[in-house]
Undergrad: 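One structure follows; several queries about it will come next.
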Amino acid sequence: MDRIVIRGGKPLHGRIPISGAKNAALTLLPCALLTDEPLTLRNLPRLADVDSFGHLLNQLGVSTTIEGARPDEFGRVMTLRAANLTSTVAPYDIVRKMRASVLVLGPLVARAGEATVSLPGGCAIGMRPVDLHLKALEALGAELEIASGYVKARAPSGGLVGGTIRFPFVSVGATENALMAAVLAKGTTVIENAAREPEITDLAKCLIAMGAKIEGLRTDTLTIQGVGRLHGATYAVMADRIEAGSYACAAAITGGSLELVGARRDTMPSILSSLEEAGLGIEDGAEGIKVAALGGLKPLSLSTAPYPAFPTDMQAQFMAMLTLAEGTSLLTETIFENRYMHVPELNRMGADIEVRGRSAVVRGVDKLLGAPVMATDLRASMSLVLAGLAAEGETEVHRVYHLDRGYERLEEKLQAVGADIERVGG
Ligand code: UD1
């Protein structure tokens with residue numbers, strides 16, 4: 001199995017291109033199910049999860065063709081066409097590997113009148129049930145049946161009907177499924193306590209480009225006027241704010257300076273303000289956001305929460321950075337119950353982190369030392385790469401397939417800004 005070998009201690013300087021957002025891509029791809037016309041997505045990141053989602057859509061009868069991007073663009077261009085759906089089943093084997101597969105549920109019920117989707121079960125970072133996704137569909141008139149680990153959802157004979165969906169707490173995926181189902185439901189749907197993550201706005205903008213009627217973008221109340229049909233469109237995936245934030249942490253932890261080319265300040269307010277609080281200089285560059293280490297890192301007190309607050313998907317990377325801060329930081333995870341699996345690995349590299357229930361106390365140390373470490377999930381893996389970039393000596397990160405799910409051309413991008421990092425097979 002591949003591993004990533006890093007010889008740390010080199011400050012990173014230069015430009016890093018930011019790819020299309022994984023989490024936006026994974027909710028834009030299933031939009032293809034909502035129309036029989038072609039949907040072309042530009043700036044799609046080259047990631048294992050995007051490929052897996054493409055294969056799932058192929059199994060449902062969606063044709064996919066991939067072209068290279070124009071020379072001035074990153075990523076890929078994919079045209080998807082669901083002229084005729086041949087299946088409405090998302091099988092266990094696929095959903096188990098990629099939880100986001102559950103996002104075919106809403107669009108399939110809206111377009112085909114039915115869907116059978118495997119329940120995802122637990123995952124490395126917690127239970128992650130889908131009850132809110134199901135309640136949202138029920139509010140639009142769908143009938144649900146759960147048996148043998150699958151949920152079968154059926155629209156009433158005349159199709160889904162608009163309704164009010166009030167989420168008891170914020171869920172990104174449930175908001176996405178609700179939105180994709182509501183655009184073709186008869187009448188008006190109101191989604192209250194909707195997630196406000198920038199990826200939701202990206203989804204709404206793509207649906208509007210396909211002919212949907214949605215109001216309340218960027219707010220916690222989305223109002224959707226159902227339409228009879230959607231048409232094809234071309235849409236460019238937003239820049240990945242989590243990838244940009246991760247590389248900002250790389251500049252911070254190595255005492256370097258990076259321009260995050262294509263990163264959008266308006267999608268990452270709390271990430272940038274937390275970096276500033278940690279002592280980094282942030283300014284707008286010609287092509288993106290410039291992040292520079294100005295001196296020692298200051299400790300932080302951070303709590304994860306839905307957007308616009310600090311994202312859970314940045315917690316592990318900030319923790320790696322704060323292991324070298326001058327003082328004690330406190331991180332609290334409020335979204336997922338088991339998202340500290342990087343802690344023992346970071347401690348093996350010399351960090352001083354103690355988990356107390358939902359919080360982690362990070363006492364800054366003078367240096368980290370390279371070690372063989374095991375990646376456990378996507379963002380945890382990145383925290384180990386960051387620690388390796390700063391550590392004395394050699395760090396080997398095992399199980400790199402986690403990184404391939406969410407970081408496009410990681411070694412290439414880091415090598416180009418001065419990191420000593422390589423992928424080793426076998
Ligand atoms: C998405 C992101 C993930 C990110 C997370 C939170 C994608 C592909 N993934 O995941 O990277 O970490 O948002 O920003 O976009 N919950 C329920 N019932 C439900 C749905 C969710 O109890 O039906 C709980 C979850 O277990 C979790 C919380 O709600 O504790 C928030 O999860 P949610 O926002 O739904 O995360 P995802 O959409 O799975």
Side-chain angles (χ1 to χ4, degrees), residues 20-31 44-45 47-50 52-53 56 94-106 117 119-139 144 146 151 153 165-181 191 193-203 220 237-238 240-243 245-246 267-268 270-271 303-318 332-341 358 377-383 402 405-407:
K22 172 183 83 83
N23 286 353
L26 295 181
T27 189
L28 294 172
L29 288 162
C31 290
L44 265 187
L47 297 171
D49 272 10
V50 169
S52 307
F53 213 111
L56 169 60
I94 295 185
V95 182
R96 176 175 61 88
K97 289 195 205 116
M98 185 181 49
R99 203 178 174 282
S101 317
V102 79
L103 294 174
V104 300
L105 182 62
V117 175
L119 295 168
C123 74
I125 62 174
M127 278 303 295
R128 301 181 85 172
V130 289
D131 52 322
L132 300 185
H133 300 236
L134 304 184
K135 288 209 173 78
L137 283 179
E138 268 180 330
L144 305 176
I146 295 182
V151 56
I165 300 166
R166 178 163 174 79
F167 289 121
F169 53 89
V170 173
S171 162
V172 173
T175 303
E176 291 167 345
N177 247 332
L179 190 52
M180 288 186 282
I191 307 177
N193 204 20
R196 286 181 284 165
E197 268 65 6
E199 292 77 13
I200 303 275
T201 308
D202 221 34
L203 167 63
D220 64 1
V237 182
M238 65 178 275
D240 197 318
R241 63 197 171 101
I242 305 300
E243 187 197 24
S246 302
T267 63
M268 40 196 302
S270 62
I271 298 174
S303 187
T304 64
Y307 191 86
F310 188 79
T312 174
D313 285 351
M314 283 303 304
Q315 178 258 109
Q317 302 89 313
F318 265 66
T332 303
E333 175 59 61
T334 73
I335 309 285
F336 294 112
E337 65 269 28
N338 185 22
R339 214 170 188 184
Y340 286 135
M341 281 169 306
R358 290 193 150 239
D377 66 67
L378 171 58
R379 306 303 169 186
S381 314
M382 191 59 182
S383 79
H402 290 295
R405 295 187 54 193
Y407 288 94

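Counting starts at 1 for both ligands and their atoms, in listed order.
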Undergrad: Less than 3.5 Å between some nitrogen or oxygen of N23 and one of ligand 1, yes or no?
TA: yes
Undergrad: Walk me through it: do I242 and M314 pass the test side chain to side chain contact (heavy atoms under 4.5 Å, CB included)?
TA: CA-CA 7 Å; I242 305 300; M314 283 303 304; 3.9 Å; yes
Undergrad: Go through R99 and D49 one step at a time and tell me if the salt bridge (charged side-chain N to carboxylate O under 4.0 Å, His left out) criterion holds.
TA: CA-CA 10 Å; R99 203 178 174 282; D49 272 10; over 6 Å; no
Undergrad: Taking side chain as C-beta onward, heavy atoms only, is L119 less than 4.5 Å from P129?
TA: no
Undergrad: Taking atom types as modelled and ignoring hydrogens, do the side chains of R379 and Y407 form a donor-acceptor contact shorter than 3.5 angstrom?
TA: yes
Undergrad: For ligand 1, find out whether one of its N or O atoms is nearer than 3.5 Å to an N or O atom of E197.
TA: no
Undergrad: Between D220 and R196, is the closest basic N to carboxylate O distance under 4.0 Å?
TA: no
Undergrad: Considering A100, P129, A24, A21, which one's heavy-atom position lies nearest to atom 19 (C) of ligand 1?
TA: P129
Undergrad: Check each heavy atom of R339 against ligand 1 and say whether those closer than 4.0 Å belong to the side chain, the backbone, both or neither.
TA: side chain
Undergrad: Side-chain contact, heavy-atom cut-off 4.5 Å: R405 with K97?
TA: no
Undergrad: Is there side-chain contact between V172 and N23, with at least one heavy-atom pair below 4.5 Å?
TA: no
Undergrad: Of the backbone atoms (N, CA, C, O) and the side-chain heavy atoms from C-beta on, which set of D131 has a member under 4.0 Å from an atom of ligand 1: side chain, backbone, both, or neither?
TA: both
Undergrad: Enumerate the atoms of ligand 1 whose separation from the nearest heavy atom of T312 is less than 4.0 angstrom.
TA: 6 (C), 12 (O), 14 (O)
Undergrad: Taking non-hydrogen atoms only, is V172 closer than 4.0 angstrom to ligand 1 via side chain, backbone, both or neither?
TA: both
Undergrad: I'd like to know whether ligand 1 has Y307 as a neighbour, heavy-atom separation below 4.0 Å.
TA: no
Undergrad: Is there a polar contact, in the sense of an N or O pair closer than 3.5 Å, between E176 and ligand 1?
TA: no
Undergrad: May I ask you to identify, for R99, whether its side chain, its backbone, both or neither come under 4.0 Å of ligand 1 on a heavy-atom basis?
TA: side chain
Undergrad: Tell me whether T27 contacts the main-chain N or O of E176 through its side chain, where contact means a donor paired with an acceptor under 3.5 Å.
TA: no
Undergrad: Looking at every non-hydrogen atom in both residues, tell me the closest pair between I165 and A139 and how far apart they are.
TA: CG1-CB, 3.8 Å
Undergrad: Can you tell me which portion of I335 lies within the under-4.0 Å heavy-atom range of ligand 1? Options are side chain, backbone, both, or neither.
TA: both
Undergrad: What are the atoms of ligand 1, with element, lying closer than 4.0 Å to any heavy atom of G173?
TA: 35 (O), 38 (O)
Undergrad: Using a heavy-atom cut-off of under 4.0 Å, does the side chain or the backbone of A174 touch ligand 1, or both, or neither?
TA: neither
Undergrad: Short list, please: which atoms of ligand 1 are under 4.0 Å from a heavy atom of L132?
TA: 18 (N), 19 (C), 23 (O)
